[in-house]
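Everything below concerns the one structure shown next.
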Amino acid sequence: MTTITTAAPNGATGPQAAPIPAPTANDPDMPARIRDLILQSLDEDKAEDTVLIDLQGKTSFADYMVVTSGRSARQVGAMADHLLRKLKDLGLSGLDAEGLPQADWVLVDAGDVIVHLFRPEVRAFYNIEKMWGVEPPPSVALAASMADASPYEPS
């Protein structure tokens, strides 16, 4: 919990406001709040071909999965950094991003929402939307068909 403390004109200190409660696991709106924050952040960062996959009832590890692309490793890394900062501001803790600093494919585990950030050719190569029975956006499908002719070799 966070308590904001201020100094009074006489130098005394005391709580300015009641503690701000951290999100709790039993908050039924939290997965949707996290999802909405992530989608808004990705939109602000000019993410491309964002796909939201509803996993409720399909798996126990998350309620939603977001798959999106950035035009370069630099953009993918920046999107991941912005997401982590905003999720921490929401009150989530224990957040981490896998795949930095290379930023070809970065996975952000936000608890109820898993985010995959890709460079376009890496996304086309792995095609993880298909694993969940979701068709990728046309531009990703086109990149995947072009990748068949010239496959991406992951490092």
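Each of D29, L39, L92, V66 was scored for a side-chain contact (heavy atoms from CB on, under 4.5 Å) with I34, with one residue passing: L92. Screening L52, T50, V51 for a side-chain contact (heavy atoms from CB on, under 4.5 Å) involving T68 leaves a single residue, T50.
In this structure, the side chains of D49 and P136 stay at 4.5 Å or more apart for every pair of heavy atoms. Looking at heavy atoms from C-beta onward, Y64 lies in side-chain contact with D54 at the 4.5 angstrom threshold. Contact annotation: the side chain of M30 approaches that of L90 to within less than 4.5 Å [non-hydrogen atoms, C-beta and beyond].
Taken from CG in L42 to CG in L83, the straight-line distance is 5.0 Å, to the nearest 0.5 Å. Taking NZ of K58 as the start and CE of M65 as the end, the distance is 10.0 Å to the nearest 0.5 Å. Rounding to the nearest 0.5 angstrom, the gap separating the CG atom in D109 from the CG atom in D96 is 9.0 Å. Rounded to the nearest 0.5 Å, atoms CG (L55) and OG (S60) are 10.5 Å apart. Rounding to the nearest 0.5 Å gives a distance of 11.5 Å between CG of D112 and CZ of R33. Remark: K86 NZ to Q40 CD distance equals 6.5 Å, nearest 0.5 Å.
Minimum interatomic distance between F118 and V76 (heavy atoms only, all atoms of both residues): O-CG2, 3.5 Å. The two atoms that bring L84 and A97 nearest to each other are CD1-CB, 3.8 Å, heavy atoms only. Residues V113 and P31 come closest through the heavy atom pair CG2-O, 3.9 Å. Across all their heavy atoms, S69 and P120 have their closest contact at OG-CA, 4.3 Å. Considering all non-hydrogen atoms of both residues, D104 and Q102 come closest at OD2-NE2, 2.9 Å. For the residue pair A73 and A103, the shortest heavy atom distance occurs at O-CB, 3.3 Å.
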Any chance you could lay out the side chain to side chain contact (heavy atoms under 4.5 Å, CB included) test for V108 and L87, step after step, and finish with the verdict?
CA-CA 10 Å; V108 176; L87 290 165; 4.2 Å; yes
So E48 and R123, salt bridge (charged side-chain N to carboxylate O under 4.0 Å, His left out) or not? Walk me through it.
CA-CA 11 Å; E48 298 178 347; R123 181 177 180 180; over 6 Å; no
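Between the side chain of E129 and the main chain of I53, no donor-acceptor pair closer than 3.5 Å is present. A donor-acceptor pair under 3.5 Å is absent between the side-chain atoms of D45 and the main chain of A47, judged by distance alone.
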